[in-house]
Amino acid sequence: MTLQHGKMEHFKDVHFFYTPSQGNIYTMTDIQLVNGSTKLLVASLKREIFCFDFQESSSGLLIPTTKEVSFTYIPNGAEIISIDAFNKSTNSNEFVIGITIIKNSNDSEGHLETYLNIYAGEETEDFNIENIAQSCLNVELNFIPYKLFHTYLVTFEDNAMVNKEIVFVLSGSDNQIHIFRENTTDHTYKEIENKDHFPEFSKTPSPVVWIDIYYSDDFKERITSFACECGYVKLLKVDVVSNKLVYNFSTRFGNYISKVYIFPEFNSVTDYSFEKSTFLRELDIKSRGTSKKLNLVVVNTILPAVIFHDVLEFGLSNYATLPRIDSTSVLSSCEVADIDFDGQKEILIGTSGEKIMMYKKDKKGNWCLEELKKISAPVLGLKYIDITGDGVKDLVILSMRGVHVLQHDSSRLQTILDKKIQNLALPNISEVIS
């Protein structure tokens with residue numbers, strides 16, 4: 001297999017945040033502040049939680065900063081399983097942070113105690129994570145927690161949206177997916193019945209390892225996919241207005257699944273390559289309403305990853321495998337993004353073999369393994385976010401050693417920008433007439 005070089009090589013290692021103990025595939029989350037800046041929260045299994053970001057000095061230089069945050073009600077001996085965060089407000093900073101923990105009980109039997117700790121901050125213009133870390137709502141669980149993330153709970157009446165709020169979603173060892181909703185009266189979080197708002201979350205054959213949710217059509221439909229320890233994968237479509245299942249597909253792989261990822265085939269308008277012909281063609285497709293094409297990536301730990309094409313049209317019947325470079329490493333994580341700014345998305349998959357594999361579509365529409373990026377430790381998680389605050393997204397990697405921040409080469413970015421501006425320029429009128 002011949003691999004190309006170039007796109008991943010244009011990333012520069014700008015900083016490495018060391019963590020004294022490792023996390024897992026659930027222990028990295030980002031926080032988007034209303035001023036546009038991004039912070040990263042990373043938890044290690046041994047109770048340590050760090051906040052990473054970049055701050056501009058008086059001389060204009062970017063200074064990487066690390067701050068260990070002491071969250072209350074995480075006792076000695078407890079292990080952190082997963083972490084997630086979201087902002088309740090659209091015009092200020094009102095963050096909610098969820099952390100799941102597990103610890104041995106004090107009884108002679110040595111039973112395990114598990115909790116979901118929810119930390120809520122006041123609505124402020126500034127972001128003070130120390131204050132948030134001191135305000136804890138402790139929810140006792142009767143299962144071992146797995147994946148924790150947030151999504152929208154949307155309610156319609158007479159075809160009009162009457163409620164849109166953010167809820168925590170948590171999978172567990174009881175083979176169920178749990179929804180935790182805020183009671184705004186007393187500011188507590190209670191578990192709600194799935195069937196009332198998320199009918200796709202029924203009992204599964206084994207614990208759910210990963211869940212992904214994609215809303216479309218102005219939140220009137222929801223595409224949900226989740227994968228279980230046993231290799232069982234489901235894809236469901238829900239009519240949010242009626243709260244009814246539209247379709248329900250499933251398949252089973254022969255090994256542990258580490259991640260599922262739903263993504264649209266086409267980028268948003270702001271992500272297009274802006275070459276004249278491509279840009280106009282994509283706008284024409286969008287205007288006809290035919291561009292709603294969603295793909296699903298299923299990352300197997302041992303076997304090659306699989307991409308299901310246009311799941312709205314074909315369900316799980318139209319698929320292809322993504323070739324891998326070796327058969328011994330574990331595939332742990334996935335991110336989908338246009339990292340080379342050509343208007344087409346790439347698939348990045350991290351491995352325990354200290355590599356990131358980049359897949360790209362060729363001219364025939366086939367996904368090919370185009371590049372490998374070497375990392376100095378096994379990869380646990382990937383995020384494509386703007387953590388340096390320069391307006392361009394960075395590749396953030398959680399490894400077993402810490403957090404690696406890879407930034408696009410500035411000279412290459414300038415070349416790409418100049419080309420896009422040139423392609424957007426109006427043609428010479430004499431050339432058009434001739």
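Atom set for the values below is all heavy atoms of this structure, side chains included, hydrogens, waters and symmetry mates excluded.
- Under the ring pair (Phe, Tyr, Trp, His ring centres under 6.0 Å) criterion, Phe249 pairs with Tyr247, not counting sequence neighbours.
- No hydrogens or angles considered: nothing links the side chains of Asn87 and Ser89 as a donor-acceptor pair under 3.5 Å.
- Taking the side chain as every heavy atom from C-beta outward, Val260 and Val297 never approach each other to under 4.5 Å.
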Exercise. Step by step, would you call Phe201 with Ile211 a side-chain contact (heavy atoms from CB on, under 4.5 Å)?
Worked result: CA-CA 10 Å; Phe201 290 150; Ile211 314 164; 4.2 Å; yes

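- By the 30° and 60° cut-offs, the orientation of the rings of His15 relative to Phe17 is perpendicular.
- For the salt bridge (Lys or Arg N to Asp or Glu O under 4.0 Å) test, no residue two or more places apart in sequence or in another chain qualifies with Lys190.
- Looking at residues two or more places apart in sequence or on another chain, you find a salt bridge (Lys or Arg N to Asp or Glu O under 4.0 Å) between Glu221 and Lys237, Lys292.
- Summarising the local packing, OH of Tyr319 is surrounded by 12 or fewer heavy atoms from other residues, nucleotides or ligands at distances under 6.0 Å.
- Cation-pi contact between Lys234 and Phe226: absent, since separation from the ring centre below 6.0 Å together with deviation from the ring axis within 45° is not met.
- Within 6.0 Å of the NZ atom in Lys374, the count of heavy atoms belonging to other residues, nucleotides or ligands exceeds 12.
- Using modelled atom types, one finds a donor on one side chain and an acceptor on the other under 3.5 Å when comparing Arg324 with Ser329.
- Electrostatic pairing of Asp30 and Lys383 counts as a salt bridge here, judged by a charged N lying under 4.0 Å from a carboxylate O.
- Counting non-hydrogen atoms of other residues, nucleotides and ligands closer than 6.0 Å to CD of Glu68 gives a total above 12.
- Scored by the side-chain contact (heavy atoms from CB on, under 4.5 Å) test, Ser258 finds Val299, Thr301 as partners (sequence neighbours excluded).
- There is a side-chain donor-acceptor pair under 3.5 Å between Ser376 and Arg401.
- Looking at Arg181 and Glu165, a side-chain N of the basic residue comes within less than 4.0 Å of a carboxylate O on the acidic one, giving a salt bridge.
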For this session: Decide yes or no on side-chain contact (heavy atoms from CB on, under 4.5 Å) for Glu79 and Lys103, but give the supporting numbers first.
Result: CA-CA 6 Å; Glu79 293 186 3; Lys103 75 180 190 74; over 6 Å; no

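- A side-chain donor from one of Tyr146 and Glu229 sits under 3.5 Å from a side-chain acceptor of the other.
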Exercise. For Asn159 and Val241, what are the C-alpha separation, side-chain angles and deciding distance, and is it a side-chain contact (heavy atoms from CB on, under 4.5 Å)?
Worked result: CA-CA 6 Å; Asn159 211 38; Val241 177; 3.8 Å; yes

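- His408 and Phe11 have tilted rings, their planes meeting at an angle from 30° to 60° on a 0 to 90° scale.
- A donor-acceptor contact under 3.5 angstrom links the side chains of Asp390 and Gln407, judged on distance only.
- Not counting sequence neighbours, the partners of Asn117 by the side-chain contact (heavy atoms from CB on, under 4.5 Å) test are Tyr73, Ile74, Ile101, Tyr115, Tyr119, Cys136, Asn138.
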For this session: Start with the C-alpha gap between Thr151 and Ile166, add the side-chain angles, then the distance that decides, and say whether side-chain contact (heavy atoms from CB on, under 4.5 Å) holds.
Result: CA-CA 6 Å; Thr151 190; Ile166 304 177; over 6 Å; no

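- For the residue pair Asn295 and Glu265, a side-chain donor N or O sits within less than 3.5 Å of a side-chain acceptor on the partner.
- Applying the salt bridge (Lys or Arg N to Asp or Glu O under 4.0 Å) test to Lys360 and every residue at least two apart in sequence or in another chain returns Asp340, Asp342, Glu346.
- By the 6.0 Å contact criterion, CG on Asp218 is open, its count of non-hydrogen atoms from other residues, nucleotides or ligands being 12 or less.
- You'll find the ring centres of His178 and Phe168 outside the 6.0 Å limit.
- In the model, Gln32 has a side-chain atom that pairs as donor or acceptor with a side-chain atom of Thr38 under 3.5 Å.
- Defined by atom type and a distance below 3.5 Å, a donor-acceptor pair is present between the side-chain atoms of Asp394 and Thr388.
- When the shell of 6.0 Å around CG of Asp126 is examined, it contains 12 or fewer heavy atoms from other residues, nucleotides or ligands.
- In the model, Glu48 has a side-chain atom that pairs as donor or acceptor with a side-chain atom of Ser21 under 3.5 Å.
- Using a 30° and 60° split on the angle between ring planes, His404 and Phe16 fall in the tilted class, from 30° to 60°.
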